Engineer: 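Would you mind keeping the following structure in view while I ask a few things?
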Amino acid sequence: MAVSLELYELKNLCMKFSELGAANFAKRLAPGKDLISQRQAYREFQEHRVKRWVENGLVQGSRMGSTVRSKILYSRAELMAVDTAEKMKTMVNKHSNDDENY
């Protein structure tokens, strides 16, 4: 199955991958700065999407305390990776369906 992408789609993918690389590099240099709160994750990546990713085991939050009400933190790099993978899957599947219609 060959997938053909438009030039702008390929450009956007390259930009996303470079952002992911930079985020993972920053995570290695300063792991603590990569963490964002659950509220911030919901704001940046949409609450329903983050909840779905957690339910499917794609991302995992870590509680920063021992109580039930302590803050949950997520890795921004992991959230960005899942977000990019989801968008890429949509793009590839769109083109796969186009190929089937011929």
Side-chain angles (χ1 to χ4, degrees):
M1 165 180 74
V3 176
S4 62
L5 298 173
E6 296 291 328
L7 188 56
Y8 76 92
E9 292 173 319
L10 188 57
K11 176 196 70 113
N12 289 340
L13 281 176
C14 290
M15 288 175 57
K16 278 291 191 185
F17 287 135
S18 64
E19 287 176 17
L20 281 174
N24 280 311
F25 181 72
K27 179 180 177 177
R28 285 189 178 167
L29 287 180
K33 291 184 179 180
D34 174 59
L35 298 175
I36 61 173
S37 69
Q38 186 174 43
R39 180 176 295 182
Q40 192 174 356
Y42 286 173
R43 214 176 302 129
E44 287 184 33
F45 298 96
Q46 299 174 344
E47 182 175 350
H48 70 280
R49 294 174 71 213
V50 173
K51 285 182 176 180
R52 186 177 68 234
W53 298 340
V54 170
E55 287 173 8
N56 293 333
L58 298 171
V59 294
Q60 184 175 356
S62 56
R63 214 170 268 288
M64 298 318 291
S66 58
T67 65
V68 176
R69 298 185 54 82
S70 55
K71 189 182 277 193
I72 298 174
L73 299 177
Y74 294 96
S75 164
R76 176 180 269 121
E78 287 182 26
L79 291 167
M80 288 174 66
V82 175
D83 180 49
T84 302
E86 198 172 72
K87 289 176 182 173
M88 196 169 147
K89 178 183 173 189
T90 302
M91 201 179 300
V92 169
N93 286 340
K94 178 185 102 177
H95 287 287
S96 296
N97 290 338
D98 290 346
D99 291 343
E100 291 173 2
N101 293 332
Y102 286 115

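Just so we're clear, the structure is a prediction, and the values are computed from it rather than from any experiment.
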Engineer: Which heavy atom in Val50 sits nearest to a heavy atom in Ala41, and how many Å separate them?
Structural biologist: CG2-O, 3.7 Å
Engineer: Under the rule for side chain to side chain contact (heavy atoms under 4.5 Å, CB included), what residues qualify as partners of Thr84, not counting sequence neighbours?
Structural biologist: Lys16, Phe17, Leu20
Engineer: With salt bridge (Lys or Arg N to Asp or Glu O under 4.0 Å) as the rule and sequence neighbours excluded, what pairs involving residues 70-82 come up?
Structural biologist: Lys27-Glu78, Glu44-Arg76
Engineer: Find out if a path of hydrophobic residues (ILVMFWY) with successive side-chain heavy-atom gaps under 4.5 Å connects Leu79 to Ile72.
Structural biologist: yes
Engineer: Under 4.5 Å between any side-chain heavy atoms of Tyr74 and Gln40, yes or no?
Structural biologist: no
Engineer: Applying side chain to side chain contact (heavy atoms under 4.5 Å, CB included), name anything that partners Tyr8, two or more places apart in sequence or on another chain.
Structural biologist: Glu6, Asn12
Engineer: Would you say Val82 ends up clustered with Ile36 if hydrophobic residues are merged whenever their side chains have heavy atoms under 4.5 Å apart, either directly or through other cluster members?
Structural biologist: yes
Engineer: Tell me whether the count of non-hydrogen atoms from other residues, nucleotides or ligands lying under 6.0 Å of CG in Leu7 goes above 12.
Structural biologist: no
Engineer: Any side-chain heavy atom of Trp53 within less than 4.5 Å of one from Phe45?
Structural biologist: yes
Engineer: With a 4.5 Å cut-off on side-chain heavy atoms, are Arg49 and Asp83 touching?
Structural biologist: yes
Engineer: Same cluster for Leu35 and Leu58 if Ile/Leu/Val/Met/Phe/Trp/Tyr side chains link at under 4.5 Å?
Structural biologist: no
Engineer: Taking atom CE as the centre, does Met88 end up with more than 12 heavy-atom neighbours from other residues, nucleotides or ligands that are less than 6.0 angstrom away?
Structural biologist: no
Engineer: Can you tell me how far CD of Glu9 sits from NZ of Lys87, rounded to the nearest 0.5 angstrom?
Structural biologist: 13.5 Å
Engineer: Could you work out, with side chain to side chain contact (heavy atoms under 4.5 Å, CB included) as the rule, every residue matching Arg39, not counting sequence neighbours?
Structural biologist: Ser37, Arg43
Engineer: Could I get the full list of salt bridge (Lys or Arg N to Asp or Glu O under 4.0 Å) partners for Glu19, not counting sequence neighbours?
Structural biologist: none
Engineer: Can you tell me which residue pairs pass the side chain to side chain donor-acceptor pair (under 3.5 Å) test with a partner in residues 54-68, sequence neighbours excluded?
Structural biologist: none
